[in-house]
Asker: 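Sharing a structure below in structure tokens format, with a few things to ask.
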Amino acid sequence: MKQSYESISWQDDHLVILDQTQLPLREIYSEIHTVGQVWEAIKKMKVRGAPAIGIAAAYGLYLGVRELESKNFTSFNVELNRWIEYLTSSRPTAVNLSWALDRISQTVYANKDEDLEDVKEVILETAKTIHDEDKRRCEQIGKNGAELVQKEWNILTHCNTGGLATGAYGTAFSVLLQAHADDKDIHVWATETRPLLQGARLTTWELQQAEIPFHLIADSAAGHLMRTGKVDMIVVGADRVAANGDTANKIGTYPLAVLAKENDIPFYVALPLSTFDRASETGEEIKIEEREPEEVTHLAKTPITPKKTDAYNPAFDVTPSKYITGFITENGIVEPDFTKNIKALFG
Ligand code: MRU
């Protein structure tokens with residue numbers, strides 16, 4: 001599989017991100033030198049997608065601590081935890097963010113007797129490892145998922161789950177990439193994904209780069225396509241999956257899953273193991289991010305409603321696991337019984 005861009009890269013002493021708010025009109029790579037800039041990039045969705053924000057936050061933590069002049073491990077750890085809390089506050093739903101920061105925190109603790117300058121280097125190395133691992137995991141997700149795809153299938157996907165949203169290749173998008181590379185002659189239905197249009201702006205951009213045949217559809221067209229036999233499979237990503245398989249993903253995922261069940265269409269969720277949150281027993285415990293009403297009342301900063309229109313803007317929804325056919329992970333496909341089989345994934 002190939003990918004011609006890197007959404008996140010570490011260069012010498014700073015981070016570089018492909019600013020996703022500017023795509024597809026402008027390809028702007030922004031340099032990031034401070035933890036505050038990382039927080040802002042995540043909050044404003046210059047970098048977005050569950051695995052990608054975990055990776056960015058990991059580098060951000062290093063940027064936060066690298067100038068610290070703590071005298072001992074205890075005071076260093078207090079500052080570290082302060083930055084962890086700060087970065088975690090940027091976006092609440094995708095668990096990859098806190099997963100990555102927690103992993104660094106544990107690695108730091110394991111090195112607590114080392115020189116603090118060395119501990120800082122361990123943080124940077126762990127961020128790079130999280131980044132590299134995500135690329136490999138996503139590639140494997142693609143290989144595992146492509147085995148489910150039959151020749152000439154029409155596959156519907158929602159939001160953006162490609163290399164922009166991950167270390168590389170993507171989650172659900174990696175399945176599309178691999179199926180295309182395997183000459184399965186797939187065709188993709190990409191939902192526009194209101195309100196921020198990640199499908200229309202980003203997934204189309206990635207599909208074009210990968211030369212995968214596709215059509216963009218309005219979100220509201222999905223049910224009609226399913227009922228008229230034009231969809232063979234749905235594959236989406238995830239931001240947080242509870243221990244019982246309930247899945248938080250981009251708003252609009254839940255109705256797609258319900259309609260898929262109604263129309264006997266397989267509905268798969270593709271994700272790395274870092275997106276499972278076994279501390280949440282069910283989807284009820286998942287915090288759903290609410291974003292600014294302006295994202296709904298405006299299109300690309302242009303108002304589309306009468307002045308003073310109130311809007312409610314939940315960014316994610318939770319799909320109960322009974323609507324999910326299976327999870328495509330780097331360790332294989334997880335089928336029901338999800339509670340039992342997700343537990344088994346982690347040994
Ligand atoms: O709000 P976003 O654009 O960060 O939401 C992204 C999604 O919902 C993706 O489907 C999810 O993060 C999986 S990305 C590989």
Side-chain angles (χ1 to χ4, degrees), residues 141-142 144-162 170-180 182 184-195 197-200 203-204 207 212-239 241-242 244-271 275 282-283 286 288 314-329 333-339 341-342:
I141 287 168
N144 295 343
E147 287 182 18
L148 300 166
V149 176
Q150 293 179 23
K151 210 133 169 98
E152 296 183 8
W153 264 12
N154 289 292
I155 305 177
L156 189 145
T157 191
H158 188 52
C159 195
N160 171 265
T161 64
T171 53
F173 196 87
S174 183
V175 176
L176 307 177
L177 274 178
Q178 188 63 52
H180 178 69
D182 293 346
K184 297 232 168 133
D185 297 327
I186 59 163
H187 164 267
V188 174
W189 300 114
T191 58
E192 59 177 350
T193 320
R194 275 283 286 150
L197 301 173
Q198 290 92 329
T203 302
T204 53
L207 285 163
I212 299 176
F214 72 93
H215 283 85
L216 176 67
I217 57 167
D219 296 325
S220 45
H224 171 67
L225 265 61
M226 286 190 232
R227 205 181 64 77
T228 51
K230 295 185 176 67
V231 180
D232 299 298
M233 176 192 200
I234 298 181
V235 57
V236 298
D239 288 82
V241 176
N244 71 344
D246 289 353
T247 294
N249 190 49
K250 179 49 55 194
I251 193 80
T253 302
Y254 168 52
L256 291 175
V258 175
L259 285 168
K261 187 145 193 124
E262 169 71 14
N263 289 282
D264 274 332
I265 296 166
F267 183 94
Y268 282 94
V269 177
L271 73 169
T275 306
T282 74
I286 300 176
I288 299 295
F316 299 94
D317 60 24
V318 173
T319 300
S321 61
K322 66 178 178 185
Y323 295 110
I324 296 169
T325 311
F327 294 94
I328 303 168
T329 78
I333 312 296
V334 181
E335 288 174 344
D337 172 338
F338 291 133
T339 302
N341 294 339
I342 289 171

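What's counted below: heavy atoms across the whole structure, side chains too, no hydrogens, waters or symmetry copies. Bear in mind that the values here come from a model prediction, so they are computed numbers and not experimental data.
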Asker: Taking only residues two or more places apart in sequence or in another chain, which ones pass side chain to side chain donor-acceptor pair (under 3.5 Å) with D239?
Answerer: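 Testing D239 for side chain to side chain donor-acceptor pair (under 3.5 Å), a comparison that skips the adjacent residues, returns none.
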Asker: With rounding to the nearest 0.5 Å, note down the distance linking NE2 in H187 to CZ in F214.
Answerer: 8.5 Å
Asker: Rounded to the nearest 0.5 Å, what's the gap from CG on L256 to OG1 on T191? Could you check?
Answerer: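 Between L256 CG and T191 OG1, I get 6.5 Å after rounding to 0.5 Å.
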Asker: Can you name the side-chain contact (heavy atoms from CB on, under 4.5 Å) partners of S174, sequence neighbours left out?
Answerer: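 Checked S174 against side-chain contact (heavy atoms from CB on, under 4.5 Å); matches are M1, Y169.
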Asker: If I compare all heavy atoms of V235 with all of I328, which pair ends up nearest, and what's the gap?
Answerer: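 Heavy atoms of V235 and I328 come nearest at CG2-CD1, 4.1 Å.
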Asker: Check whether W189 reaches the backbone of A221 with its side chain - one donor and one acceptor, N or O, closer than 3.5 Å.
Answerer: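 It does not hold such a pair.
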Asker: Taking only residues two or more places apart in sequence, or in another chain, which ones meet S220 in a side-chain contact (heavy atoms from CB on, under 4.5 Å)?
Answerer: A218
Asker: With rounding to the nearest 0.5 angstrom, report the CE to CG distance, M233 to L156.
Answerer: 11.5 Å
Asker: Going by side chain to side chain donor-acceptor pair (under 3.5 Å), name the residues that satisfy it together with D219, two or more places apart in sequence or in a different chain.
Answerer: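 Once residues adjacent in sequence are excluded, D219 has no partner under the side chain to side chain donor-acceptor pair (under 3.5 Å) criterion.
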Asker: In Å, rounded to the nearest 0.5 Å, how long is the span from CD1 of I212 to OG1 of T204?
Answerer: 12.0 Å
Asker: How far apart are the closest heavy atoms of T325 and P336, and which atoms are they?
Answerer: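 Reported closest heavy-atom pair: O-CD, 3.6 Å.
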Asker: Could you pull out all residues at least two apart from H224 that satisfy ring-ring contact (aromatic ring centres under 6.0 Å, His included)?
Answerer: none
Asker: Please name all residues satisfying salt bridge (Lys or Arg N to Asp or Glu O under 4.0 Å) with D182, sequence neighbours left out, ordered by chain then number.
Answerer: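 Checked D182 against salt bridge (Lys or Arg N to Asp or Glu O under 4.0 Å); zero matches.
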Asker: Judged by atom type as modelled, is there a donor-acceptor pair below 3.5 Å linking the side chain of D232 to the main-chain atoms of N154?
Answerer: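 It does hold such a pair.
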Asker: Tell me whether K184 contacts the main-chain N or O of E152 through its side chain, where contact means a donor paired with an acceptor under 3.5 Å.
Answerer: no
Asker: Could you list the residues that satisfy ring-ring contact (aromatic ring centres under 6.0 Å, His included) with W153, not counting sequence neighbours?
Answerer: none
Asker: Holding to side-chain contact (heavy atoms from CB on, under 4.5 Å), I want the full list of residues that pass it with A200, two or more places apart in sequence or in another chain.
Answerer: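 Residues passing side-chain contact (heavy atoms from CB on, under 4.5 Å) with A200: E192, L197, L216.
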Asker: Among all residues two or more places apart in sequence or in another chain, which pass the ring-ring contact (aromatic ring centres under 6.0 Å, His included) test with Y254?
Answerer: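 Expected list: none.
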Asker: Between P314 and I288, what is the shortest heavy-atom contact and its length?
Answerer: CB-CG2, 4.2 Å
Asker: List the atom of V241, the atom of L271, and the distance in Å for their closest heavy-atom pair.
Answerer: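 Closest approach of V241 to L271, heavy atoms only: CG2-CD1, 3.5 Å.
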Asker: Any donor-acceptor pair under 3.5 Å linking the side chain of H158 with the backbone of I251?
Answerer: yes
Asker: Using the test side chain to side chain donor-acceptor pair (under 3.5 Å), find all partners of T329 that sit at least two apart in sequence or belong to another chain.
Answerer: none
Asker: Got T253 and T247 here, is their nearest side-chain heavy-atom distance under 4.5 Å?
Answerer: no
Asker: Please check this pair: side chain of S321 against backbone of N244, looking for a donor-acceptor N/O pair closer than 3.5 Å.
Answerer: yes
Asker: Could you walk me through whether M226 and I234 satisfy the side chain to side chain contact (heavy atoms under 4.5 Å, CB included) test, starting with their C-alpha distance in whole Å, then the side-chain angles of each, then the deciding distance to 0.1 Å, before giving a yes or no?
Answerer: CA-CA 10 Å; M226 286 190 232; I234 298 181; 3.7 Å; yes
Asker: What is the minimum heavy-atom distance between A190 and L207, and which atoms define it?
Answerer: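 For A190 and L207, the tightest heavy-atom pair comes out as CB-CD1, 4.1 Å.
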Asker: When you measure from the side chain of D185 to the backbone N and O of K151, does any donor-acceptor pair fall under 3.5 Å?
Answerer: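 Not confirmed, D185 side chain does not pair with K151 backbone.
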Asker: Are the side chain of T193 and the backbone of C159 linked by a donor-acceptor contact shorter than 3.5 Å?
Answerer: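 Confirmed, T193 side chain pairs with C159 backbone.
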Asker: Treating T203 as the side-chain partner and T161 as the backbone partner, does any N or O pair qualify as donor plus acceptor under 3.5 Å?
Answerer: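 No: the side chain of T203 does not pair with the backbone of T161.
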Asker: Identify the heavy atoms of N144 and I333 that sit nearest to each other, and give their distance.
Answerer: O-CD1, 3.8 Å
Asker: I need the N160 CG to K250 NZ distance, nearest 0.5 Å.
Answerer: 10.5 Å
Asker: Measure from the side-chain N and O atoms of T319 to the backbone N and O of D317, and report whether any donor-acceptor pair falls under 3.5 Å.
Answerer: no
Asker: Who passes ring-ring contact (aromatic ring centres under 6.0 Å, His included) against F327, sequence neighbours left out?
Answerer: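 Result, ring-ring contact (aromatic ring centres under 6.0 Å, His included) vs F327: F276, F338.
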Asker: Considering only distance and modelled atom types, tabulate donor-acceptor pairs under 3.5 Å from the side chains of residues 257-270, sequence neighbours left out.
Answerer:
residue, atom, partner, partner atom, Å
K261, NZ, K322, O, 2.9
N263, ND2, L259, O, 2.8

